[in-house]
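Below: the structure, in structure tokens.
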Amino acid sequence: MKLIKLTSDNTQQPGSRREELLNGLNRVQREAAAVTEGPLLILAGAGSGKTRVLTYRIAYLIELGVAPHNILALTFTNKAAREMKERIGFLVGEEQSRRLWAGTFHSVFARILRREGEHLGYTSAFSIYDTDDTLGIIRTAMNSLVISQQQYAPQAVRSRISSAKNQMVSWQEFQRNADNIFDKQAGLIYQEYEKRLKLNNAMDFDDLLLNMIRLFEHKPDILDAYQERFRYMLVDEYQDTNRAQYTVVSMLAAKYRNLCVVGDDAQSIYRWRGADIRNILDFQRDYPDTKVVRLEQNYRSTKTILAAANSVIDNNRQQLRKELWTANDDGDLVQVLKCRDDREEAETIAKLVVDEQVHHGRKLSDFAVLYRTNAQSQALEDALRRRNITYAIVGGVSFYKRKEVKDTLAYLRLVVNPSDGESFMRVVNEPTRGLGKTSLEALARFADAQGISLYAAAQRAEQIAGLQKRAQNAAHTFAEFIGRFIAVLGQIPPDELARTLIDASGLLRMYQEEGTDEALDRWNNIQRVLSHITEYTAREENASLEVYLQDIALTEDAENSDEARNHVTLMTLHAAKGLEFPVVFIAGMENGLFPLGKADTDPEEMEEERRLFYVGITRAEQKIFLSYAERRYRFGELSFPMPSRFLGEIDKKLVQQFGGTAPAAPPATGVGRVVKQPFTATRPASPRGSQSVMFDDIPKEEYHSQIEEEPMLRRGMVVRHEMFGEGKVLSVSGRGANAKAIIQFPGVGQKHLMLKYAKVTIVSMS
């Protein structure tokens, strides 16, 4: 439907402009957009146009005369917030849109805490720590407390602390309630972790929510000011909110109660990370005068796909009833693929991708392959590579997680926030400056004893007993180096400061002098960061490193993918939420895998698994394929699983099954039986799409594999590679499983290959 742009220079009367605005919606959407006062629950089924309703509702409020800065819209991704503001700008003008408060919970509250953080003892330049940074502090805290990292995994401790924060449990309460040895130790680490965060003038992602609540609890006048500011609130994906998010929203909405929440309980799939479905299920209990509007018309999928989704979700007991319907065609039946094993499953999916391209003219970007666990991607990647099908995995390592990129950002963060101990430790010896582990431990002990930051300790390095003169000079020189840039922060453009700082740091020179292909990649990545800061500086009128670093810290991995490329998309079912594709495959439809085995003994877990399946089905626009294997290797053992119970919940009239042969062994009852036998690992999948396995593609996990003896290659031999064709061996190094070769392929270039994984055959000896 065509959007009608309504701006302040429109000659229509205000009333007619509002009416024309609502004409862009269907009847139920219009009803939801026109409810402006009091609590409103919009139950938005998959593909029902909830973003459109939110956008028009905000535009309608502005047309009614509500000031944009009195409206707060909270989303779960920066991308959703940007799209919302762009659409609102089209409807009511960009000037109005710019004044609107719209963003993720974390970005909006970070913005407020920059202004108000001093009331909690933070400066406005506080750092925001990501998961890697917090893991570093937890390790430091464990070392300080002499708690073994072998006995208590830092990652597990971090997860436990984050879970406690999501439930608004302080370290004091956590320690009081600890009833096992792990929680007792985690409680001690939690206390030390919080102390070090405060000392570093830093917050983790959870703190951005908790500190908002603390601020409002301790400063009622500030809460009142923001209640006045945000008289109208809208929350997207309300079913995904946790307790802390629920609490802060409730506090802000308490005065005027103009709270509109949009969500779908049937798509609540993040229980494992703290989301509480009760927030949306109990909304009417919290606000008895709630107006409920159900968006049930789906614009995305065929009638058959929606009927399949409805027949599955109807088995859940905890839900707010609704029935998706569509005016679209019936479409194809749901295709269920029975396969001998996971290899045949992957090959069948790859073949169907090709068939759909040939017979229906589809692009690779029309396809998504979804799976329950990341481990399932290996066979799928191999099959796609064998057919030279380009693919991309959503949810891989973010650009900003790479070591050299994190080092670059840490230098910048340290200049912005000299109290940032994690950034200090990351770069103080990168490149090497003669400060070894012992010297840095002495520096840290001095900082702890004096109650000062590591940067301040380095400024006073000559006072540190036991620190050798050379190390004292190195620490003091580094502090002076950082100090020169702190002195000019805000006086020169961010891009100029960043480029000068990184050039002077020696990072670029270090990788340039190393001279390897990997080092060149790292050098290029640093240059990309610096170029990105230049682009940001040119784009933003009031550009600052503080804001740039905040934006980077809040950037979500899913938003870094290159959507313009034509490739098949591979991802977990969790990563697929919010996306849509013409053709969807869901692989691994087996009991024990999907649903996971733990759901058998936990009814709430089973209902969440079913909601996850519902999400997967409703990603499909035109066709959906569901596949299962009669045998599959899992955890190093061959199992014979039963088809997923969810397949049996789909109305039989909607299903067509084909493919496969009789199982190699009869399955047992329940989730299937397991046959213990040696596990032969196939070649580990590359995370880079249709490429050969390079040195850094080799997985860190140990594989118990049976590798055939490879013929010894020599320089000058001509070999054939399954993807790159014929090439000449330039050099060979290593022996046995560690053998490597550099091979020149005409038209492709040099490739560094691990012979253990890269299958090559000898064509000629010279």
Side-chain angles (χ1 to χ4, degrees), residues 343 346-347 350 374-375 377-393 396-397 399 402-404 510-526 567-568 570 633 636 678-766:
R343 181 182 175 87
E347 291 290 349
N374 280 304
S377 74
Q378 179 184 328
L380 294 164
E381 291 182 75
D382 284 347
L384 293 171
R385 273 201 301 269
R386 280 191 286 270
R387 290 181 178 267
N388 291 324
I389 297 173
T390 305
Y391 66 89
I393 298 180
V397 177
F399 176 81
R402 297 176 183 178
K403 178 187 182 302
E404 65 278 8
M510 177 181 70
Y511 290 123
Q512 196 170 28
E513 290 174 353
E514 187 176 322
T516 64
D517 289 346
E518 181 182 1
L520 179 60
D521 284 342
R522 295 184 184 277
W523 185 90
N524 282 327
N525 288 337
I526 295 174
H567 52 231
V568 174
L570 272 61
Y633 275 109
F679 175 47
T680 302
T682 57
R683 180 160 64 104
S686 164
R688 297 177 179 166
S690 299
Q691 299 181 17
S692 180
V693 175
M694 312 300 270
F695 292 164
D696 54 346
D697 290 329
I698 302 170
K700 295 180 181 178
E701 299 82 19
E702 290 186 23
Y703 283 90
H704 301 289
S705 56
Q706 300 169 347
I707 307 297
E708 294 181 0
E709 287 294 324
E710 294 288 342
M712 179 57 67
L713 299 188
R714 296 194 303 273
R715 180 179 178 181
M717 284 183 175
V718 176
V719 297
R720 180 182 298 279
H721 185 275
E722 61 183 10
M723 182 177 298
F724 304 130
E726 290 188 1
K728 187 173 184 178
V729 179
L730 301 182
S731 67
V732 179
S733 61
R735 297 183 63 81
N738 295 317
K740 309 169 187 175
I742 300 177
I743 305 175
Q744 178 72 40
F745 295 97
V748 178
Q750 290 184 15
K751 295 293 180 183
H752 297 242
L753 305 176
M754 289 293 293
L755 299 181
K756 176 179 177 180
Y757 300 108
K759 303 301 183 184
V760 295
T761 55
I762 298 173
V763 176
S764 69
M765 304 299 288
S766 61

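Computed from a prediction, not measured in an experiment: that's the story for all the values here.
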What's the separation between atom [atom1] in [X] and atom [atom2] in [Y], rounded to the nearest 0.5 Å?
X    : Y    : atom1 : atom2 : value
I526 : E404 : CD1   : CD    : 6.0 Å
L570 : S377 : CG    : OG    : 6.5 Å
E381 : R386 : CD    : CZ    : 11.5 Å
D382 : E347 : CG    : CD    : 9.0 Å
H567 : Y391 : NE2   : OH    : 11.5 Å

Point to revise | Residues F745, E726; criterion side-chain contact (heavy atoms from CB on, under 4.5 Å); working and verdict | key: CA-CA 6 Å; F745 295 97; E726 290 188 1; 6.0 Å; no
Exercise for review: Determine the sole option in L730, V719, V732 for which the side-chain contact (heavy atoms from CB on, under 4.5 Å) test with I743 is passed.
Suggested key: V719
Practice item. Could you tell me which residues satisfy side chain to side chain contact (heavy atoms under 4.5 Å, CB included) with R715, sequence neighbours excluded, listed by chain and number? Key: none
**Study point:** Contacts of A350 that satisfy side chain to side chain contact (heavy atoms under 4.5 Å, CB included) - sequence neighbours left out
**Key:** A383, L384, R387, I389
